[in-house]
Every structure is written in C-alpha cells, then in structure tokens.
Amino acid sequence: MQVVAVVAAVVVVAGLVFAYFQRPDGTDSGQYGTDAGMRCGTTVCQVVIGKSVGRDLVELLAGTGGGRIRVTGESGPFIFEMTIAESGAAVTDKSLLCAEAPVSVCLVRGDQGGKVLGEVLVRKDGTWSRAQAAYLSSAGYLGLHDVNEDGTADIVSAQRACDGQCNDSFVQVFSALGANIGCTTPAPAREQLAGWPAPVPKLSQLRPCADA
C-alpha cells in the first residue's frame, strides 16, 4: 500500500508541474491563502498576488509588520524580504507589476501615508536579484514602462516639486539597472502631467533632473 501511495503522490506532483509550465506567460497566478512554512513579520505569511514571468512565478506574501517576495520556477527558488511591507506600505493585489524581457523587471509597490513606496527585482541571465535602489513617489504614481526603448522596463515615478511645499509635479524615470534617466518639466499640478493618472513621458521630454 505504501508503494501505491508514493506512486500516486508522484503522479499528482508531476501533474502540477506539467500544469504550471503549460500556463500562458503573463497570467496572474499563485496559491492564495496562508503559507504555514514562513512568517511575515509577526504572523504567518499570506499569499497576496502572484504573476508568471516566463516560466517563473513571482509571489507577494504579507503578514503583520512584514512581507516576502518569493520566486519559484525555471530560474530556481529565491526569497527576498519585502522592504516596503516592513516600512508600513499597504500590500494588495495591485502591488505587483512585471514586464518580461531578456532582462525582466518586477516592481513591488504600496501606498504609505499618501506616498507610494517601491522596490524592484530584476531577472538577468537566469538569476533574480534585488535592485539596490528603493523607490518613492510623492505624487501618487509608481509604474513600469520602457521609456528609453532599450527593451527593459524602466521605473516611472510622479514627484511633487518644491520638496512638497507647492503643487508643481514632475515625472522622474529610472533605469531598472540603476541609472537615473531623467525628469520632465514640472506641471502646475499632478493632474496636468501628460497621461495622468498613469503619466508616461517620451524620452524626448526628459532632461537632467537637476534642471527639471
């Protein structure tokens, strides 16, 4: 009987693996619910959202006072601490954005006190790593778009000008690989940024941020 049980278990696991690799790329995924094997902050991790990136699955897990980012699939298992959760940002099913490419990018974002906090994972040469920079939008938008058209998604962030002491706002664009690409000229209000509520500038609209 034990042999039969083991064979049945192997068949089930094989079926799950086959089903995983047959999923279309870019679809939402994940086993929603608790994960008793990990703790996020002071409680058991809850799977909030998952997205497929090629043959990898990226999932956000959150708890009270903390969170984790888990990657499973072809690239191998990776687990990262979710720094925005530790900083008090709200993690929801809208918090994960991913763009698949030769260099794939996933942005994890969450609202915190009227601002948007973000962190980025990059898959390059089959390995996932965390981008060193942390991201902040003081004007309520943080997203992904390939602004410089190099095939890799960039981080697009709306910012308040004047250190937040005025209504002027501008868009700042960062390369996921670390460089600051540039900023737009400030507009009198964030609602006047081109494309609001998802302002995505053209590369020709950017200038060095010190001159924005």
Side-chain angles (χ1 to χ4, degrees), residues 26 28 48-51 53 58 60 62 64-67 69 80-101 103-122 130-212:
D28 291 355
V48 178
I49 181 68
K51 288 185 178 291
V53 183
V58 180
L60 303 187
T64 301
I69 308 166
F80 303 90
E81 294 294 331
M82 193 191 308
T83 60
I84 66 165
E86 295 174 355
S87 298
V91 180
T92 72
D93 59 0
K94 306 297 184 185
S95 291
L96 180 61
L97 296 176
C98 292
E100 184 184 355
V103 177
S104 296
V105 180
C106 284
L107 168 66
V108 182
R109 61 186 181 177
D111 294 336
Q112 193 266 336
K115 301 177 180 179
V116 183
L117 305 183
E119 58 192 294
V120 166
L121 298 183
V122 176
R130 185 198 301 276
Q132 293 302 309
Y135 298 93
L136 166 69
S137 167
S138 57
Y141 177 77
L142 195 61
L144 291 178
H145 191 79
D146 185 10
V147 175
N148 62 4
E149 299 181 348
D150 66 350
T152 300
D154 305 306
I155 295 89
V156 180
S157 176
Q159 307 288 4
R160 296 282 191 188
C162 316
D163 293 326
Q165 301 304 308
C166 67
N167 289 327
D168 289 4
S169 296
F170 62 95
V171 176
Q172 188 171 14
V173 181
F174 302 90
S175 166
L177 301 179
N180 188 342
I181 296 175
C183 295
T184 63
T185 301
R190 68 176 189 173
E191 290 77 13
Q192 296 184 28
L193 294 171
W196 185 264
V200 178
K202 297 179 180 179
L203 185 60
S204 60
Q205 295 175 301
L206 300 181
R207 60 172 64 184
C209 289
D211 299 330

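Numbering starts at 1 and runs along the sequence shown.
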Nearest-0.5 Å distance that lies between atom CG in Leu107 and atom CG in Asp154: 12.0 Å
Whether Thr152 side chain and Ala101 backbone form a donor-acceptor pair below 3.5 Å: no
CD on Glu119 to CD1 on Ile69, rounded to 0.5 Å: 4.0 Å
Distance-minimising heavy-atom pair for Val116 and Tyr141: CG2-N, 4.3 Å
Contacts of type salt bridge (charged side-chain N to carboxylate O under 4.0 Å, His left out), residue Glu86, not counting sequence neighbours: none
Worked check of side-chain contact (heavy atoms from CB on, under 4.5 Å) between Gln205 and Val171: CA-CA 10 Å; Gln205 295 175 301; Val171 176; over 6 Å; no
Pairwise distance CG(Leu60) to CZ(Arg109) - rounded to 0.5 angstrom: 11.0 Å
Note, Leu121 side chain near Val108 side chain (heavy atom, < 4.5 Å): no
Shortest non-hydrogen separation from Ala85 to Gly66 and the atoms involved: CB-C, 3.6 Å
Tabulate below the donor-acceptor pairs under 3.5 Å that side-chain atoms of residues 192-203 make, not counting sequence neighbours, or state none.
none

Ile181 side chain reached by Val147 side chain, heavy atoms, under 4.5 Å: no
Minimum heavy-atom distance Pro186-Asp168, with the two atoms named: CB-CB, 4.2 Å
Smallest separation among heavy atoms of Gly151 and Asp146, with atom names: N-OD2, 2.9 Å
Steps toward side-chain contact (heavy atoms from CB on, under 4.5 Å) verdict (Ser95, Val48): CA-CA 9 Å; Ser95 291; Val48 178; over 6 Å; no
Residue pair Ile84, Gln112: steps toward the side-chain contact (heavy atoms from CB on, under 4.5 Å) verdict: CA-CA 9 Å; Ile84 66 165; Gln112 193 266 336; over 6 Å; no
Spacing of OH belonging to Tyr135 relative to CD belonging to Gln172, to within rounding of 0.5 Å: 10.0 Å
Check: Leu142 and Val156 side chains under 4.5 Å, non-hydrogen atoms: no
Exercise: identify the closest heavy-atom pair between Val105 and Ala176: CG2-CB, 3.7 Å
Verdict with reasoning, Leu206 to Thr184, per side-chain contact (heavy atoms from CB on, under 4.5 Å): CA-CA 5 Å; Leu206 300 181; Thr184 63; 3.7 Å; yes
Pairing residues for Ser138 by the side-chain contact (heavy atoms from CB on, under 4.5 Å) criterion, not counting sequence neighbours: Gln159, Arg160
Cys106 to Leu96 - nearest heavy-atom pair and separation: CB-CD1, 4.3 Å
Interatomic spacing from NE2 in His145 to CG in Leu97 - rounded to 0.5 Å: 13.0 Å
Check: Ser87 side chain, Ala89 main-chain N or O, donor-acceptor pair, under 3.5 Å: no
Check: Ser157 main-chain N/O paired with Ser137 side-chain donor or acceptor under 3.5 Å: no
